[in-house]
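Report on the structure given below.
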Amino acid sequence: MKITFLLYDAYGISGTVRATTNLAGALAEQHDVEILSYYRTADRPRLAPVPGVKVRALVDLRPTSRHFAGSTADQHTRGSVCPHGPVHDGPTPPSALGEARLAAHLRETDADVVIATRPYLTCFLAEHGRTDQLRIGQEHATRDLHPEALRDDLDGAASLLDAYVTVSAADARAHRRVLYSAPTRLTAVPVCAPAPGVEPSNGESRTVVTAGRLTATKRYDRLVDAFAKVVAVHPDWTLRIYGRGREHGRLRRRIDALGLHDHVLLMGERTPMDPEWAKGAIAVVSSSTEPSGTTLLEAMSCGVPVVSTDCDHAPREIITHGEDGLLVPARGAVEDALADALCRLIENDAERHRMAAAARRTSVRFRPRHIAAQYDALFADLRPDIGTRKGLSLLRGARPEADGGLPLWRRALELVGLAGLGSPVGVGCRVLPDGSLAFHVDRPTLTPDAWNLVLRPRDSAAGDVVRLRLEQWATDEGRGLRAVLDKASWSLAEGHWDAFVQHVSGNTSRPVLAGPIETARLLDPAARRPSDAGCTAWIPYTDQDGGLALRTWLRPAHAEVVSVAVGEAAIELTGSLHGRAARAHHYRFRARLQGHRAWAFDAYCYVDPYGDFDIGIPLATVAEHHPGKEARWDLRLSAYGGPELRLGMLTGDIADRRDINTFPVAHCSRPDGRVTLQPYLTPDHDLALRTTDAVLGRPGGRPG
């Protein structure tokens with residue numbers, strides 16, 4: 001059987017794309033499955049390729065493409081189908097070109113089953129799909145979330161399809177109440193949650209995790225308010241919010257207003273999310289509505305219990321309150337309820353671990369093979385003969401591609417197919433308990449013991465390349481390749497390192513695409529504890545091109561900043577000294593203008609016998625030395641007869657903190673006007689200070 005999924009943009013990372021990709025991969029074990037993307041917006045899909053699933057696109061919107069649709073007149077003409085769909089208001093609205101190609105595809109395709117995954121595509125399938133195919137629409141949101149005009153469009157479209165599938169039973173009931181007389185099969189099949197390819201959470205990180213687009217329905221504003229109540233009781237816990245969206249600026253201002261910049265981190269988008277869920281001890285969902293529950297299932301699969309609002313529709317269909325998570329009222333004093341539930345799991349280790357184990361068991365019911373079986377049963381029930389048909393292309397007498405008579409839509413697909421960029425190798429990385437790094441290739445296409453994993457510093461003067469032999473090892477799925485960078489044996493110069501694989505002969509090299517990067521152990525308090533060796537941080541990460549890279553620091557003596565508090569009279573810094581040499585001296589805090597040799601001023605620094613320090617930077621003193629316009633300051637701890645230490649945030653799991661660890665703005669008056677002061681992190685994660693005349697300040701922004 002051939003199955004085609006229609007996605008609007010398969011190259012993105014939305015919940016619909018993740019759910020469709022997971023389901024397509026499961027169905028591909030028994031069927032011929034392809035994902036047809038209305039638009040192509042990137043060189044490769046953000047999600048990892050799924051074995052057996054082809055991804056193709058109708059219209060290429062990449063500016064670098066030879067066939068960029070921006071030069072086609074029909075691409076600038078708006079589409080006419082489902083005019084009330086939200087895609088019409090998005091950055092890439094439907095076009096006459098896309099609609100012509102999609103209509104041609106639906107006329108010519110040899111698929112037995114076509115599944116539309118968005119309202120616009122559902123309406124298009126109802127209008128242009130063929131009745132000799134199974135035509136199925138999927139609802140990944142909820143009926144109540146759509147405006148009335150779009151509901152009317154969808155009701156008309158759904159009544160013309162063979163089936164309309166929602167992801168929650170409650171939403172299926174809502175559709176049945178309206179479409180009770182339609183011949184369409186209305187049913188619910190939940191989203192699937194693949195088994196994570198990472199180690200599950202150990203539940204000890206003192207980190208709460210949430211993820212999703214930063215939109216109003218996610219209600220991260222009330223989650224931030226709730227976490228302020230948690231921090232008041234448990235100041236050693238942190239909330240991480242993953243995602244991007246239009247609410248980012250408002251959330252940042254709320255975090256700063258509540259003084260939570262050290263406790264609530266806006267992490268940006270991550271793909272995949274499994275390694276990030278595994279860093280959490282608790283997951284949280286604060287939404288006013290949660291249609292599919294994809295994030296709940298992802299967290300639970302990684303062994304993280306979820307605290308969720310009991311909102312429409314998925315949470316109450318997935319979570320059993322008190323067994324694998326906690327449900328709190330979605331209305332009323334939600335902030336208090338969320339805070340109480342989080343504190344309950346924070347304060348009860350045994351209950352948290354019990355729920356974590358139960359969450360993993362619950363997630364098994366949603367494994368792709370179980371959800372795919374429900375779709376197979378639906379297909380067979382609707383068309384009992386569908387699994388025995390030879391293929392619609394033969395029944396309809398379609399011309400084989402070999403005769404050169406390709407229809408327009410298929411020629412377009414060939415034009416925007418994935419370019420042959422060589423054969424990159426997927427390499428994952430896991431931080432081991434001692435901080436060493438284990439690199440692994442789980443589905444090897446390389447000969448064991450014939451290839452090296454090579455780490456090359458971007459700065460050629462930083463050191464020699466590192467070569468590690470990729471050796472065979474056993475995995476849960478068979479045999480793979482593995483190489484270990486032993487922290488006891490290697491010392492890497494400070495900087496960025498890029499990874500690639502190279503044949504032992506040195507004649508052949510292949511690029512590396514980052515697989516799962518597991519850095520949860522870097523959040524272990526023991527890993528961040530000061531040591532006599534100083535700071536030797538190794539943080540693997542995915543670079544902007546999808547490659548595997550390392551960010552390393554090597555400082556025999558270092559002052560690690562733990563918290564930054566901006567008060568009315570001073571900026572207060574607390575932290576710990578790393579390195580035996582660092583803790584053997586008394587220090588003064590000093591500041592100087594960048595580019596100058598002389599110190600502008602210094603201040604008292606208290607260091608206790610354990611190396612913990614406390615610094616107060618007087619706002620009035622900094623304002624007095626502000627030279628006008630804009631100035632940047634280097635900050636140091638200077639010892640009498642000892643080393644000069646740079647202050648920074650180097651430990652942990654974040655390779656680039658500049659957009660994550662941001663600090664509030666302080667203001668100070670002087671006779672000729674006001675000065676704004678804002679701490680910030682440099683590209684090397686050193687803490688620095690920016691001062692500006694008040695009229696020039698850009699409060700809350702990332703310093704240049």
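R430 places none of its side-chain heavy atoms less than 4.5 Å from the side chain of F439. In this structure, Y11 and V55 have side chains that are in contact, with non-hydrogen atoms separated by less than 4.5 Å. Contact annotation: the side chain of L470 never approaches that of D449 to less than 4.5 Å [non-hydrogen atoms, C-beta and beyond]. In this structure the side chain of H578 never reaches within 4.5 angstrom of the side chain of R555, judged on heavy atoms. Within the 4.5 Å cutoff, no side-chain heavy atoms of W237 are placed close to those of H263. By the 4.5 Å heavy-atom criterion applied to side chains, N507 and Q502 are not counted as neighbours. By the 4.5 Å heavy-atom criterion applied to side chains, H496 and R456 are not counted as neighbours. Using a 4.5 Å heavy-atom threshold, the side chains of S201 and V304 count as touching.
Under 4.0 Å is where a charged nitrogen must lie from a carboxylate oxygen, and between E29 and R369 no such pair does. Salt bridge present: D236 and R206 bring a charged side-chain N and a carboxylate O closer than 4.0 Å. A salt bridge does not link D653 to R551: none of the charged nitrogens lies less than 4.0 Å from a carboxylate oxygen. Using a cut-off of 4.0 Å between Lys/Arg side-chain N and Asp/Glu carboxylate O, K2 and D110 are scored as salt-bridged. A salt bridge links R18 with E298; the closest basic N to acidic carboxylate O contact falls under 4.0 Å.
Between the OH atom in Y8 and the CG atom in L58 there is a gap of 11.0 Å [rounded to 0.5 Å]. Distance CG/L266 to CD1/I241: 5.5 Å, rounded to 0.5 Å. To the nearest 0.5 Å, atoms CD1 (I3) and CG (D112) are separated by 8.0 Å. Atom CG of D656 is separated from atom CD1 of I539 by 10.0 Å, given to the nearest 0.5 angstrom. Residue D376 holds its CG atom at 6.0 Å from CG of L27, rounded to the nearest 0.5 Å.
Remark: the backbone N or O of E323 is not paired with any side-chain donor or acceptor of T320 at under 3.5 angstrom. A donor-acceptor pair under 3.5 Å is formed between the side chain of S205 and the backbone N or O of K279. Under a 3.5 Å cut-off, the side chain of S37 and the backbone N or O of A57 do not form any donor-acceptor pair. Between the side chain of T117 and the main chain of L6, a donor-acceptor pair closer than 3.5 Å is present. With hydrogens and angles disregarded, no donor-acceptor distance shorter than 3.5 Å links the side chain of N348 to the backbone of E351. Between the side chain of T109 and the main chain of H105, no donor-acceptor pair closer than 3.5 Å is present. Looking at R521, its side chain never comes within 3.5 Å of a backbone N or O of E518 through a donor-acceptor pair. With hydrogens and angles disregarded, a donor-acceptor distance shorter than 3.5 Å links the side chain of R367 to the backbone of A193. Between the side chain of R40 and the backbone N or O of D43, at least one donor-acceptor pair lies under 3.5 Å. A donor-acceptor pair under 3.5 Å is absent between the side-chain atoms of Y242 and the main chain of R213, judged by distance alone.
Aromatic ring centres of H685 and W553 lie closer together than 6.0 Å.
A 6.0 Å sphere centred on CD of Q374 holds more than 12 heavy atoms belonging to other residues, nucleotides or ligands. Counting non-hydrogen atoms of neighbouring residues, nucleotides and ligands closer than 6.0 angstrom, the NZ atom of K487 exceeds 12 such neighbours.
Residues R62 and T41 share a closest heavy-atom pair of CG-C, 3.9 Å. Scanning both residues, S308 and I319, for their nearest heavy atoms gives CB-CD1, 3.9 Å. Smallest separation of non-hydrogen atoms from I517 and P540: CG2-O, 3.6 Å.
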- Start with the C-alpha gap between S168 and T166, add the side-chain angles, then the distance that decides, and say whether side chain to side chain donor-acceptor pair (under 3.5 Å) holds. CA-CA 6 Å; S168 73; T166 68; 5.0 Å; no
- Task: Could you check D324 against R361 for salt bridge (Lys or Arg N to Asp or Glu O under 4.0 Å), going step by step and ending with a plain yes or no?
- Result: CA-CA 9 Å; D324 48 21; R361 291 193 296 270; over 6 Å; no
- Task: Would you please test T552 and E494 for side chain to side chain donor-acceptor pair (under 3.5 Å) and show each step?
- Result: CA-CA 5 Å; T552 61; E494 184 166 324; over 6 Å; no
- Message: For L453 and F500: C-alpha separation, side-chain torsions, deciding distance, then whether side chain to side chain contact (heavy atoms under 4.5 Å, CB included) applies.
- Response: CA-CA 6 Å; L453 178 83; F500 61 97; over 6 Å; no
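Taking the six-membered ring for Trp and thresholds of 30 and 60 degrees, W473 and H440 have ring planes inclined between 30 and 60 degrees apart.
None of L437, L554, V466 except one satisfies the side chain to side chain contact (heavy atoms under 4.5 Å, CB included) rule with L492; the exception is V466.
Counting only N and O atoms by type, the side chains of S436 and D434 include a donor and acceptor under 3.5 Å apart. In summary, the side chains of T294 and S292 do present a donor paired with an acceptor at a separation below 3.5 Å, with no hydrogens or angles considered. Side chains of T4 and E34: a donor on one and an acceptor on the other come within 3.5 Å.
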